[in-house]
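The structure presented is a predicted model; accordingly, all values stated were derived computationally and were not measured. Just follow the structure's listing: the first ligand is 1, and inside any ligand the first atom is 1.
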Amino acid sequence: MTSFLIKGVSVVGGPATDLRLRDGTVAEVGPDLPTTDAEVIDAAGLVALPGLVDMHTHLREPGREDAETVATGSRAAALGGYTAVCAMANTDPVADTAGVVEQVWRLGRRAGLVDVQPVGAVTVGLRGERLSELGAMAESAAAVRIFSDDGHCVADPRLMRRALEYVKAFDGVIAQHAEEPRLTEGAQMHEGEVSARLGLTGWPAVAEEAIIARDALLAEHVGARLHICHVSTAGSVELIRAAKARGVRVSAEVTPHHLLLTDDRVGGYDPVFKVNPPLRTERDVAALREAVRDGVIDVIATDHAPHTVEDKECEWAYARPGMLGLQTALSVALSVFGPDWRLLADRLSCQPARLAGLTGHGVDPAPGAPANLTLVDPAAQVTVEPAELASRSRNTPYAGLQLPGRVVATFLRGEPTVLDGKAVK
Ligand SMILES: NC(=O)N[C@@H](CC(=O)O)C(=O)O
């Protein structure tokens with residue numbers, strides 16, 4: 001195992017120092033460490049962050065390897081500064097058995113670029129009719145702790161209650177895709193002025209908020225852990241704020257695109273802007289940003305949702321919802337929040353690692369800590385070129401946009417997965 005000496009790096013925005021990585025851990029931190037036999041990385045001007053952790057990634061394998069595989073998604077993640085990702089269950093077959101979650105977990109180990117932590121489906125086939133084998137997935141080699149029907153809402157309140165009760169026994173989490181399906185039938189975009197003008201069926205904010213309100217009450221009643229996926233409205237923020245103030249065990253994530261983009265993008269009918277939940281208004285974006293700053297929203301999660309050209313570049317109504325996110329999340333967050341490295345490390349790494357129970361991730365580089373970290377050049381400006389992304393799909397909403405920050409290197413247990421901005425395998 002090679003040892004690395006990272007010279008002159010700012011650890012989470014602190015003063016320049018050296019980091020020595022050896023045997024999978026951060027062996028030493030301090031100025032002017034001797035070179036000895038280490039490989040030296042000149043990191044002057046770079047910032048070291050704990051390796052990013054994505055609570056919400058669609059890797060599409062098994063079933064839609066034409067859109068993404070565990071290997072291609074892992075490479076995109078490492079290039080984006082990630083050392084761990086939670087792989088959503090809406091694969092084909094659905095990750096609703098111990099067998100499928102173990103398969104995804106093994107594929108992640110084989111790719112070896114990030115830790116792939118499978119999310120298990122709450123209900124069989126994501127059909128919302130009966131609970132899947134939650135206990136068997138928790139007991140499996142994949143040790144599943146987060147369960148979600150993401151892409152679908154667990155709409156039946158009795159099933160949701162049962163799921164919360166079941167996972168409470170092993171401190172599991174139900175991650176809800178909050179969308180009351182009866183209120184979003186045929187929906188194409190956010191319900192508001194823009195949808196009225198374009199004549200597209202709207203996805204009202206209340207469809208998200210009604211489920212969050214209900215599930216916060218259920219989680220409170222049961223005393224179980226609830227996580228809200230991709231929060232997108234100002235009203236949702238207030239419901240989560242109120243639930244947290246009452247002591248409900250609720251956490252929440254927001255995507256980079258909901259922190260940056262608004263529903264007026266739909267005006268050109270480019271399906272790259274079609275996503276679930278839909279892009280909302282300036283007012284929602286402002287509330288979401290504020291909620292990230294004040295901690296009501298714990299996590300920035302990508303909802304990386306790769307789709308093939310056939311599934312995405314078609315008429316708006318037929319295009320699949322979803323956007324790529326892994327390789328642009330840190331830059332979007334940096335453009336929104338500025339170089340507040342403590343905030344970025346917390347929302348992109350420490351909190352998601354804690355909520356997902358990924359020990360070894362989300363820890364600042366310090367002596368004895370596992371060497372899961374990323375080095376960022378905050379001065380770099382990068383123009384997003386879809387063809388240059390590592391994902392097998394191309395559906396980034398940021399094509400041609402110049403964004404701040406570039407991931408220079410990523411280390412997983414002391415081994416580089418990215419060096420000089422390039423994946424090592
Ligand atoms: N977020 C998205 O727009 N798409 C997700 C699932 C979903 O939430 O619809 C996908 O898997 O493509």
For [X], atoms of ligand 1 separated by under 4.0 Å from a heavy atom:
X    : value
H307 : 12 (O)
G322 : 2 (C), 3 (O), 4 (N)
N90  : 10 (C), 11 (O)

Problem set entry | Heavy-atom nearest option to atom 2 (C) of ligand 1, drawn from P321, A89, P306, A67 |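 Checking each option, the heavy atom nearest atom 2 (C) of ligand 1 is found in P321.
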Exercise. Just by modelled atom types, is the P93 backbone N or O under 3.5 Å from a matching donor or acceptor in the T91 side chain?
Worked result: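 Side chain of T91 to backbone of P93: a pair is present.
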Which protein non-hydrogen atom lies closest to [atom], naming both residue and atom, and how far is it?
atom                    : value
atom 7 (C) of ligand 1  : G151 CA, 3.4 Å
atom 10 (C) of ligand 1 : R60 NH2, 3.3 Å
atom 1 (N) of ligand 1  : D303 OD2, 2.8 Å
atom 3 (O) of ligand 1  : N276 N, 2.9 Å
atom 5 (C) of ligand 1  : H58 NE2, 3.8 Å

Problem set entry | Proximity to ligand 1 by part of H304, non-hydrogen separation under 4.0 Å |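 The answer is neither.
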Exercise. Should the proximity of H177 to ligand 1, defined as any heavy atom under 4.0 Å, be assigned to the side chain, the backbone, both, or neither?
Worked result: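 The answer is the side chain.
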Problem set entry | Partner of S232 by side chain to side chain donor-acceptor pair (under 3.5 Å), out of H190, E208, H258, H257 |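 The passing option is E208.
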For this session: Please work out whether the ring planes of F411 and F4 are parallel, tilted or perpendicular, with thresholds of 30° and 60°.
Result: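 Perpendicular.
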Exercise. Quick one: are T302 and H58 in side-chain contact, heavy atoms under 4.5 Å?
Worked result: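 They are not in side-chain contact.
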Exercise. Going by heavy atoms in the side chains, are L330 and V376 under 4.5 Å from each other?
Worked result: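 With C-beta onward as the side chain, the pair touches.
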Exercise. Below 3.5 angstrom, do we get any N/O pair linking V275 and ligand 1?
Worked result: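 Between V275 and ligand 1 (N or O atoms, distance only) the closest approach is not under 3.5 Å.
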Problem set entry | ligand 1 contacted by H56 (non-hydrogen, < 4.0 Å) |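 So H56 does not count as touching ligand 1.
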Problem set entry | R110 to W105, cation-pi by 6.0 Å centre distance and 45° axis angle |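 That pair does not qualify as a cation-pi contact.
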Exercise. If you measure from the Lys or Arg side-chain nitrogens to the Asp or Glu carboxylate oxygens, is any gap between D115 and R413 under 4.0 Å?
Worked result: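 Yes.
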Exercise. Between S391 and Q327, is any side-chain donor less than 3.5 angstrom from a side-chain acceptor?
Worked result: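 The criterion, which ignores hydrogens and geometry beyond distance, is not satisfied for Q327 and S391.
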For this session: Hey, could you give me the CG/CD1 distance between L375 and I41, rounded to the nearest 0.5 Å?
Result: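 Rounded to the nearest 0.5 Å, the CG-CD1 separation comes out at 6.5 Å.
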